[in-house]
Amino acid sequence: MMLRIHDLSCARGGLPVLEGVSFTLEPGMAMILRGPNGCGKTTLLRTIAGLQPARAGVIEAPADSIAYSAHADGIKATLSVTENLAFWAAVHGQTGTGDAVAQMNLASLASRQAQNLSAGQKRRLGLARLLVTGRPIWVLDEPTVSLDTDSVVLFAQLVTLHLERGGMALIATHIDLGLPEAQVFDLRPHKARLPEPGAGGFDEAFL
Amino acid sequence: MSALLIRDLRLALRAGGGFGLGLAFFLILAVLVPLGVGPEPDTLSRIAPGILWVGALLACLLSLDRIFALDFEDGSLDLLATAPLPLEAVVSIKALAHWITTGLPLVLLSPVLGLLLFLPAEAYLWLILSLMLGTPALSVIGAFGAALTVGLKRGGLLLSLLVLPLYIPTLIFGAEVVSRGAQGLSVATPLALLAGITAGAVALLPFASALVLRINLR
């Protein structure tokens, strides 16, 4: 059980953004992706999660092992906190939501409709979803957006616990999560060279 | 899979879920036609099969863009695509949920509206049967159109333009079943063709829709 990325190259909107990305995640490891806005963090995570094809390279991961979490939390406004979680648990073949509600400090909000939650509470619900998927590899895209400092600490504890149980986490973030054991992967050196204008492009079709 | 169906039905029934939109449209159409055309029973009973089928089709069309657009906006579609459910199953379940909340109520309401339009008594059975057989095709074809336009802002117009031509065979054979039934003629041929279209659409289109969704999610 591990996630191995080898010489991965990915594109956004037809233009290459990253190339030559290689790393390996083993059980108990966390990796923080760093890089300026627009450097391709989200594209890389979507590629690893299987939502878009890679341009080149290899992604090796066991089938159905990746839990993906993005900017949008996949929460239905007219369902309650418990109903939202129970749905994702059922989709992933899990029975019940366990203590996910308590772990993300949502117990007092459990029966409230998601449309009445604040942005940070919604985010906590979105992160609680990771717990009910039962999947070992968490691929998280800026998980701490709109969380307060206490909730960031709570989230860091959650990740630490997940790692201790043999899980893995790949996190794109701009802030310091307080995970001293996590490795940092800087994406700046992997920026793709854009193809030169004219080279192999439009004109060749007419020659 | 049942969890997804139950969730979609629950969402449709809660406030703002859009349940009843198509039904209300169908009702309004059937009430307005006699006012617009005039109250002569002869005229009305002649156009009733066509009006009822056109009404059902347009009512179905109204709620199509909700099938995937809402899930796309709140990120659920990305998460469903990474879930263990095959995307083909997701598409089929969502089309089924659309049919249960839109098509099935239309089938059940249609005899009442047939009364408003002086539909001949012998045509009621064929009206219910043809709608029962035809509306699943409307939902499945509609889900395909919704998958094609899922990433587009205000894709409703494009969705209608894409889906309407695909609806035409179902409309022609569906209305033909009812009008032949009203005249006491044999309905076997149009009924078989209607059932064939539905069977083909239900069997094949979920695969096309899932493929299109994968491309649109990139």
Side-chain angles (χ1 to χ4, degrees), chain A residues 10-14 42-43 45-55 61-80 83-97 113-115 122-123 125-126 129-130 132-135 137-139 141, chain B residues 1-21 63 66-94 96-98 101 147 150-153 209-218:
Chain A
C10 44
R12 179 178 167 80
T42 298
T43 307
L45 293 182
R46 286 181 71 86
T47 309
I48 292 172
L51 287 166
Q52 61 180 69
R55 285 181 72 236
D64 285 343
S65 63
I66 293 177
Y68 174 67
S69 165
H71 302 279
D73 291 309
I75 293 169
K76 288 294 171 191
T78 50
L79 297 183
S80 73
E83 283 170 334
N84 268 301
L85 278 181
F87 165 68
W88 287 113
V91 163
H92 287 87
Q94 304 286 313
T95 49
T97 55
Q113 286 200 347
Q115 59 191 343
K122 276 185 192 159
R123 191 92 268 237
L125 174 54
R129 187 188 61 83
L130 293 169
V132 304
T133 61
R135 291 188 164 180
I137 305 174
W138 289 0
V139 173
D141 195 356
Chain B
M1 278 161 77
S2 58
L4 181 59
L5 182 63
I6 291 167
R7 181 194 75 150
D8 271 17
L9 295 180
R10 196 180 267 162
L11 284 173
L13 292 174
R14 292 221 172 141
F19 176 76
L21 177 70
S63 49
R66 304 178 68 92
I67 296 182
F68 295 119
L70 299 180
D71 275 352
F72 180 76
E73 280 162 18
D74 65 19
S76 303
L77 206 54
D78 278 348
L79 302 178
L80 281 172
T82 57
L85 281 181
L87 212 47
E88 287 80 2
V90 171
V91 172
S92 309
I93 296 281
K94 291 190 91 59
L96 177 64
H98 178 262
T101 53
V150 70
L152 302 175
K153 295 264 182 293
S209 310
L211 199 67
V212 166
L213 268 188
R214 279 196 195 97
I215 292 170
N216 272 340
L217 283 180
R218 271 177 202 174

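Sequence lines set the chain letters: A, B, ... in the order given, protein chains first and strands last, and positions in each chain run from 1.
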Task: CZ (A:R12) with more than 12 external heavy atoms under 6.0 Å - done: no

Open item on the list: Counting heavy-atom pairs closer than 4.5 Å to chain B, which one of A:A70, A:A72, A:G126 comes out on top?
Closed with: A:A72

Task: chain A interface, residue from B:I6, B:T82, B:I215 that has the most non-hydrogen pairs under 4.5 Å - done: B:T82

Open item on the list: Counting heavy-atom pairs under 4.5 Å with chain B, which one of A:N84, A:L79, A:D64 comes out on top?
Closed with: A:L79

- [ ] Determine whether A:H92 and A:V132 make a side-chain contact, defined as any pair of heavy atoms from C-beta on separated by less than 4.5 Å.
- [x] no

Task: chain B contact via A:I75 - side chain, backbone, both or neither, heavy atoms under 4.5 Å - done: backbone

TODO: Measure distances from B:L77 to the heavy atoms of chain A and classify the residue's part below 4.5 Å as side chain, backbone, both or neither.
DONE: neither

Task: Non-hydrogen side-chain atoms of B:R214 and B:L87 separated by less than 4.5 Å - done: yes

Open item on the list: Tell me every residue that passes side chain to side chain donor-acceptor pair (under 3.5 Å) with A:R46, counting only those two or more places apart in sequence or in another chain.
Closed with: B:D78

- [ ] Please look at A:D73 and chain B and tell me whether the side chain, the backbone, both or neither of the residue comes under 4.5 angstrom of a heavy atom of that chain.
- [x] backbone

Task: Beyond-backbone contact of B:R7 with B:S2, side-chain heavy atoms, under 4.5 angstrom - done: no

Task: Under-4.0 Å salt bridge between A:E83 and A:K76 - done: no

Task: Between A:A90, A:A67, A:G13, A:P53, the one whose heavy-atom pairs under 4.5 Å with chain B are most numerous - done: A:P53

